[in-house]
Every structure is written in structure tokens, then in C-alpha cells.
A.B. asks: 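I'd like to ask some things about the structure below.
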Amino acid sequence: TELLTNYGPVGAIWFDGWWDQDQNKDFDWELPEQYALIHKLQPGCLVGNNHHQTPFDGEDIQIFERDLPGENVSGLSGQEVSRLPLETCETMNGMWGYKITDQNYKSTKTLIHYLVKAAGKNANLLMNIGPQPDGDFRPEEKKIADFIGKWMKKNSECIYGCDYAGWEKQDWGYYTRKSNQVYMVVFNPPYSGQLTVKTPKGITITTAKTLTGEQTQVTETTRNEYNVSLPKNMPQEPFVIKLEVKDAQKTQDKYREALT
């Protein structure tokens with residue numbers, strides 16, 4: 001009650017599961033009562049719970065730990081994907097909290113992978129940092145955050161407001177979609193210099209260009225299949241090619257259907 005009445009508007013309350021009572025199976029967290037109180041005191045406050053279960057009544061978002069919606073690589077996210085807003089939580093290294101010996105940091109490429117794939121699954125990405133005892137971040141964490149921030153400054157168009165594209169995955173990377181724009185986020189440029197793109201039936205590509213405005217050649221090789229040329233000024237980090245397409249709305253909201 002204090003948190004929800006003494007500090008102004010609260011956007012969300014994030015419950016980290018029920019692990020404190022794993023050994024006490026009969027313990028009652030009174031979650032329905034807690035959720036009802038939160039929504040009574042702050043109707044606009046979102047409630048999420050990282051309990052690794054299908055969402056309960058009163059929860060407003062579904063959380064996946066160390067996995068993207070529909071995946072279960074870590075063994076913690078086998079629950080069904082709901083129709084609630086989705087969120088994946090992940091760590092920069094191996095631990096949620098500060099551990100001085102944990103230097104196993106994920107690469108910036110891996111973390112951008114997570115970011116793009118989360119957007120492509122219409123999910124938010126929560127990236128965790130465990131601060132030092134003095135409250136500061138470690139140099140490695142600052143370096144990673146700085147790199148991702150600079151990447152986002154150039155490429156945020158393919159993340160914010162984007163969701164599932166519904167296009168067949170290719171080895172070079174991933175797609176995100178926003179209305180009649182489909183974004184190719186390229187992680188593995190092929191030696192051939194050509195990116196294979198297979199479109200859903202009825203969708204055609206009209207133009208292709210990088211987010212810096214460089215036009216790239218599009219060649220239709222067969223029905224619903226194209227080659228998109230790599231840009232001449234190709235950066236070293238993952239980059240984006242924006243496709244203008246016709247009839248892209250037919251693929252909207254197909255992601256959840258594909259999971260059932």
C-alpha cells in the first residue's frame with residue numbers, strides 16, 4: 001500500500017515468482033488479493049509475475065525468464081504463450097545479482113540478437129544489470145550498454161513499434177515489421193553478396209534501402225522469392241535493410257496463431 005500511495009503514479013509491479021517458499025508447498029501468497037489491491041489503488045499499474053506459469057487472473061503481462069516467447073532453451077519457459085503483452089528478462093552475464101567472479105559476459109552481438117528477436121516476437125526485452133556494492137556498474141557492463149545504446153540510436157526504427165513479420169526465417173538474420181515496412185536485421189552477411197528473402201503469398205517488395213538511405217538492388221528470382229543485394233557501405237555490426245512492401249497487413253497478428 002505504501003508503494004502505491006506515497007510515490008505518485010506507478011507503471012508496473014514486477015513479482016519475481018514465489019521461490020522464497022519453494023519448500024512450503026502450502027504457503028498462500030494471496031496473489032489474487034494482492035493483484036486486486038494494486039489495481040484498486042493504481043488502476044493503470046501493470047502486474048507481472050515471473051513464476052514460469054501461464055498468467056493468472058489479475059496479471060497484465062506475461063514474463064519469460066532467459067528465453068523468448070515460444071522458446072524453452074533454458075528450461076524455464078515451457079508455459080503457453082498468452083495473448084497478454086509479453087516480456088523476456090535476460091542477464092548480461094550469468095547472474096541476476098552482483099557476483100565479482102562472474103565475468104562470463106554475453107557478446108554485444110548476442111544481446112542485440114535477443115533485442116531483435118524479442119521485437120520480432122512482439123515482446124519487450126528487460127536487460128538486467130547487477131550493480132556493485134557501491135551502486136555503480138562495472139566497466140564491462142557500461143561498455144556493453146554504451147554499444148547497444150549507440151546501435152539503437154542508429155537502428156531503433158526496426159525495434160520500436162515493430163512486431164512479428166510472419167516471413168520465413170533465413171540464415172542471415174531476422175525480420176521485424178511495422179505496417180508496410182519490413183526490416184531485415186542482418187547478422188550474418190553471405191559471401192554471395194545476396195540476401196535471400198521469401199515473402200508470404202500475395203506480398204511483394206517494392207523497394208529496399210538501408211536506414212542511412214542507401215538503395216539496395218532487389219531482384220525477384222521466382223514467385224514470392226527475392227535476392228536483396230548487400231549495401232556497398234556495409235558496417236561491421238548488425239545492420240538493417242528496410243523493405244517497402246505491398247499487402248503486408250495480411251501477416252499482422254499471425255505470430256500467436258503460429259504458436260498454437
A.B. asks: Would you mind reporting whether Ile63 and Cys89 have side-chain heavy atoms less than 4.5 Å apart?
C.D. replies: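 Yes, close enough: below the 4.5 Å cut-off.
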A.B. asks: Report yes or no: do Asn104 and Asn93 form a side-chain donor-acceptor pair below 3.5 Å?
C.D. replies: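 Checked: Asn104/Asn93 side chains show no N/O donor-acceptor pair below 3.5 Å.
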A.B. asks: Please confirm whether the backbone N or O of Asp16 pairs with a side-chain atom of Trp19, one donor and one acceptor, at under 3.5 Å?
C.D. replies: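 The answer is yes, because a donor-acceptor pair under 3.5 Å joins these two groups.
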A.B. asks: If only side-chain N and O atoms count, and only distance matters, is there a donor-acceptor pair under 3.5 Å linking Ser229 with Gln194?
C.D. replies: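 The answer is yes; a qualifying pair exists.
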A.B. asks: Check step by step if side-chain contact (heavy atoms from CB on, under 4.5 Å) holds for Trp14 and Leu126.
C.D. replies: CA-CA 11 Å; Trp14 205 93; Leu126 184 158; 3.9 Å; yes
A.B. asks: Who are the side chain to side chain contact (heavy atoms under 4.5 Å, CB included) partners of Lys209, not counting sequence neighbours?
C.D. replies: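 Once residues adjacent in sequence are excluded, the partners of Lys209 under the side chain to side chain contact (heavy atoms under 4.5 Å, CB included) criterion are Gln215, Lys242.
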A.B. asks: Hey, could you give me the CG/CG distance between Leu115 and Asn124, rounded to the nearest 0.5 Å?
C.D. replies: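 Reported to 0.5 Å precision, the distance equals 9.5 Å.
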A.B. asks: If we ignore hydrogens and angles and just use 3.5 Å, is the side chain of Gln170 paired with the main-chain N or O of Leu195 as donor and acceptor?
C.D. replies: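 No, the answer is negative, given that no donor and acceptor are paired below the 3.5 Å cut-off.
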A.B. asks: Have Asn227 and Thr221 got a donor and an acceptor in their side chains that come within less than 3.5 Å?
C.D. replies: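 Asn227 vs Thr221: no donor-acceptor pair found between side chains.
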A.B. asks: Please round to the nearest 0.5 Å and tell me the distance separating atom OH of Tyr35 and atom CZ of Phe56.
C.D. replies: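 Here the rounded value is 7.0 Å.
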A.B. asks: Which residues pass the side chain to side chain contact (heavy atoms under 4.5 Å, CB included) test with Glu2, sequence neighbours left out?
C.D. replies: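 Applying side chain to side chain contact (heavy atoms under 4.5 Å, CB included) to Glu2 gives Asn6, Tyr7.
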A.B. asks: Over 60° means perpendicular and under 30° means parallel, so classify the ring planes of Tyr174 and Phe187, tilted if in between.
C.D. replies: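 Ring orientation of Phe187 relative to Tyr174: perpendicular.
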A.B. asks: Any donor and acceptor pair, going by atom type alone, linking the side chain of Arg177 with main-chain N or O of Tyr164 inside 3.5 Å?
C.D. replies: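 Yes; judged by distance alone, with no hydrogens or angles, the pair exists.
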A.B. asks: Got a donor-acceptor contact below 3.5 angstrom from the Trp172 side chain to the Pro190 backbone?
C.D. replies: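 No; judged by distance alone, with no hydrogens or angles, the pair does not exist.
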A.B. asks: Can you tell me how far the CE atom of Met184 sits from the CZ atom of Phe239, to the nearest 0.5 Å?
C.D. replies: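 These two atoms lie 8.0 Å from each other.
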A.B. asks: Hydrophobic clusters here meaning ILVMFWY residues chained together by side-chain heavy-atom distances under 4.5 Å, can you tell me if Val228 and Ile203 are in one?
C.D. replies: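 Val228 and Ile203: one cluster.
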A.B. asks: Ile61 and Phe15: same hydrophobic cluster, using ILVMFWY side-chain contacts below 4.5 Å?
C.D. replies: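 No, because Ile61 and Phe15 fall into different hydrophobic clusters, even though each may have its own neighbours under 4.5 Å.
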A.B. asks: Can Tyr105 and Gln103 be said to form a side-chain contact (heavy atoms from CB on, under 4.5 Å), step by step?
C.D. replies: CA-CA 6 Å; Tyr105 286 96; Gln103 298 294 321; 3.7 Å; yes
A.B. asks: Are side-chain N/O atoms of Glu87 and Gln62 paired as donor and acceptor at under 3.5 Å?
C.D. replies: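 Not at all, the side chains of Glu87 and Gln62 share no donor-acceptor pair under 3.5 Å.
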A.B. asks: Just by distance, no angles: are the side chains of Thr212 and Lys154 close enough, under 3.5 Å, to form a donor-acceptor pair?
C.D. replies: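 The answer is no; no qualifying pair exists.
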A.B. asks: Which heavy-atom pair separates Pro133 from Tyr98 by the least distance, and what is that distance?
C.D. replies: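 Between these two residues, the closest heavy atoms are CD-CE2, 3.5 Å.
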A.B. asks: State whether the side chain of Asn180 and the backbone N or O of Lys246 hold a donor-acceptor pair below 3.5 Å, judged by distance alone.
C.D. replies: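 Answer holds: no.
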A.B. asks: State the CE-NZ distance between Met92 and Lys143, to the nearest 0.5 angstrom.
C.D. replies: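 Going from CE on Met92 over to NZ on Lys143, the span is 12.5 Å.
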A.B. asks: With sequence neighbours excluded, what pairs up with Trp96 under the side-chain hydrogen bond (donor to acceptor under 3.5 Å, both in side chains) test?
C.D. replies: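 side-chain hydrogen bond (donor to acceptor under 3.5 Å, both in side chains) check on Trp96 returns Glu65.
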A.B. asks: Do the non-hydrogen side-chain atoms of Tyr226 and Leu243 ever get within less than 4.5 Å of each other?
C.D. replies: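 Counting from C-beta outward, Tyr226 and Leu243 never come under 4.5 Å.
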A.B. asks: Mark yes or no for whether Ser74, through its side chain, and Asp67, through its backbone, hold a donor-acceptor pair below 3.5 Å.
C.D. replies: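 Side chain of Ser74 to backbone of Asp67: no pair is present.
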A.B. asks: Checking side-chain hydrogen bond (donor to acceptor under 3.5 Å, both in side chains) against Tyr114, which of Lys106, Glu90, Arg66 comes through?
C.D. replies: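 Output: one option passes, namely Glu90.
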A.B. asks: For the CD1 atom of Ile205 and the CG atom of Asn224, what is their distance to the nearest 0.5 Å?
C.D. replies: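 Going from CD1 on Ile205 over to CG on Asn224, the span is 9.5 Å.
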A.B. asks: Taking Glu59's backbone N and O only, do any of them form a donor-acceptor pair with Asn49's side chain (distance below 3.5 Å, no angle check)?
C.D. replies: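 The answer is no, because no donor-acceptor pair under 3.5 Å joins these two groups.
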A.B. asks: Strictly distance-based, threshold 3.5 Å: is any side-chain N or O of Trp151 a donor or acceptor partner for the main-chain N or O of Pro238?
C.D. replies: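 It does hold such a pair.
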A.B. asks: Between Asp146 and Lys150, does the salt bridge (charged side-chain N to carboxylate O under 4.0 Å, His left out) criterion hold? Intermediate values first, please.
C.D. replies: CA-CA 6 Å; Asp146 181 64; Lys150 289 178 179 176; 3.2 Å; yes
A.B. asks: Determine whether a donor-acceptor pair (N or O, by modelled atom type, separation under 3.5 Å) exists between the side chain of Gln132 and the backbone of Ile100.
C.D. replies: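 No, Gln132 side chain to Ile100 backbone: no donor-acceptor pair under 3.5 Å.
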A.B. asks: As an exercise, state the distance from CD1 of Ile38 to CG of Leu31, rounded to the nearest 0.5 Å.
C.D. replies: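 If I round to the nearest 0.5 Å, the distance is 9.0 Å.
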A.B. asks: Over all heavy atoms of both residues, which pair between Glu225 and Lys198 is shortest? Give the atoms and the distance, please.
C.D. replies: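 That would be OE1-CE, 3.4 Å.
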